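Everything quoted here is computed from the prediction, not taken from an experiment.
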Amino acid sequence: MVLIIFAINVIYVTFYTVRLILTMKGYRWVAAGLSVIEIVIYVVGLGLVLDNLNQIQNLVAYAIGYGTGVIIGSIIEEKLALGYVMVNVITEDIERKMVRVIRENGYGITDWEANGRDGSRHAMQILTPKKYELKLYMLIKELDPKAFIITYEARNIHGGFWVKQVRRGKLFR
């Protein structure tokens with residue numbers, strides 16, 4: 001019984017985590033379909049725990065299964081790598097070598113001169129599919145280990161060179 005409760009909760013919370021991420025990324029219909037399966041699993045698992053509340057190991061299995069499901073759901077989300085991220089970079093590379101190398105690697109960049117506390121800087125905005133985010137970080141750190149990097153998720157994208165390349169299927173080829 002303990003293993004069944006644990007497994008049910010791992011599956012339920014994994015579905016819950018993935019569904020939540022899909023909802024936030026705008027995949028409403030897929031998330032709705034997943035939620036139907038999720039709620040059936042939840043009701044079955046909770047029913048088993050509530051029918052056997054006098055056995056503490058069932059409650060412990062439920063709780064540990066919940067935590068395990070969060071971890072597995074997060075790993076699945078990383079593997080799916082849905083959506084896009086905007087990476088802002090500030091570097092001391094005022095000769096713009098980094099800009100050239102990053103563009104040569106297929107990334108679209110908007111760049112400008114900036115001023116920091118210690119003098120001239122170069123700032124860049126780079127939009128990339130989430131699945132290429134780590135590759136981009138590695139490239140930036142290789143070019144400037146002291147670069148200042150901030151990343152946030154891009155919810156809506158419209159216009160520009162980069163969007164045209166994505167539509168034509170020419171990104172990173």
Side-chain angles (χ1 to χ4, degrees), residues 1-89 102 105-108 124-158 162-163 165-173:
M1 179 65 77
V2 170
L3 288 177
I4 291 170
I5 291 171
F6 174 80
I8 285 174
N9 219 27
V10 167
I11 293 166
Y12 155 66
V13 177
T14 299
F15 271 64
Y16 172 81
T17 304
V18 171
R19 180 200 36 95
L20 187 63
I21 291 162
L22 288 171
T23 301
M24 290 181 347
K25 303 280 185 184
Y27 295 91
R28 290 183 191 119
W29 293 101
V30 176
L34 205 57
S35 70
V36 171
I37 299 166
E38 172 197 333
I39 201 66
V40 169
I41 295 168
Y42 171 73
V43 169
V44 169
L46 187 60
L48 288 173
V49 171
L50 292 177
D51 286 346
N52 299 292
L53 268 180
N54 57 338
Q55 298 176 354
I56 190 70
Q57 67 269 23
N58 293 337
L59 185 57
V60 171
Y62 189 85
I64 293 172
Y66 198 98
T68 305
V70 169
I71 292 168
I72 292 171
S74 298
I75 291 169
I76 290 171
E77 191 274 335
E78 285 175 16
K79 299 292 182 198
L80 290 174
L82 300 170
Y84 301 90
V85 292
M86 179 63 75
V87 180
N88 287 336
V89 181
I102 292 173
N105 278 271
Y107 296 92
M124 294 170 264
Q125 265 189 337
I126 309 163
L127 183 66
T128 184
K130 193 165 176 71
K131 65 183 174 182
Y132 298 120
E133 179 180 8
L134 293 178
K135 181 181 167 189
L136 176 60
Y137 289 161
M138 297 297 285
L139 181 60
I140 292 168
K141 289 177 184 177
E142 180 183 312
L143 295 167
D144 182 359
K146 296 189 294 182
F148 180 68
I149 306 168
I150 300 174
T151 303
Y152 54 93
E153 288 201 42
R155 296 261 309 145
N156 297 309
I157 303 168
H158 174 77
W162 199 87
V163 173
Q165 293 295 88
V166 170
R167 287 195 181 125
R168 290 184 195 135
K170 294 184 178 178
L171 192 63
F172 301 106
R173 287 190 180 185

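Ser35 and Arg19 make their closest contact through CB-CD, 3.3 Å (heavy atoms, listed as atom of the first residue, atom of the second, distance). Nearest heavy-atom pair, Tyr66 versus Val13, reported as atom, atom and distance to 0.1 Å: CD1-CG2, 3.3 Å. Between Glu133 and Thr151, the shortest heavy-atom contact is OE2-CG2, 3.4 Å. Heavy-atom minimum distance, Thr23 versus Ala31: OG1-CB, 3.3 Å. Between Tyr152 and Asn88 the shortest heavy-atom distance is CE2-ND2, 3.4 Å. Across all their heavy atoms, Ala147 and Ile140 have their closest contact at CB-CG2, 3.9 Å.
Within the 4.5 Å cutoff, side-chain heavy atoms of Phe6 are placed close to those of Thr68. Looking at heavy atoms from C-beta onward, Val85 lies out of side-chain contact with Leu136 at the 4.5 angstrom threshold. Ile76 places none of its side-chain heavy atoms less than 4.5 Å from the side chain of Thr17. A heavy-atom distance below 4.5 Å is found between the side chains of Met1 and Asn58. Residues Ile21 and Tyr27 form no side-chain contact, since every pair of their non-hydrogen atoms from C-beta on lies 4.5 Å or further apart. Two residues are said to be in side-chain contact when any heavy atoms from C-beta on lie closer than 4.5 Å; Glu153 and Tyr84 fail this criterion. Side-chain contact between Ile5 and Asn9: absent, with no pair of heavy atoms (C-beta onward) separated by less than 4.5 Å.
Put simply, CG on Leu59 and CG on Leu50 are 9.5 Å apart, with the number rounded to the nearest 0.5 Å. Interatomic distance, CD1 of Ile75 versus CG of Leu80, reported as 12.0 Å (0.5 Å rounding). A distance of 8.5 Å separates OG1 in Thr128 from NZ in Lys135, rounded to the nearest 0.5 Å. Between atom CD of residue Glu38 and atom OG1 of residue Thr14 there is a gap of 10.5 Å, rounded to the nearest 0.5 Å.
Crowding of Tyr137 atom OH: a count of heavy atoms from other residues, nucleotides or ligands under 6.0 Å exceeding 12. Within 6.0 Å of OH in Tyr16 there are 12 or fewer heavy atoms belonging to other residues, nucleotides or ligands.
With Ile41 as reference, Ile37 is the one residue of Ile37, Ile39, Val43, Val44 to meet the side chain to side chain contact (heavy atoms under 4.5 Å, CB included) rule.
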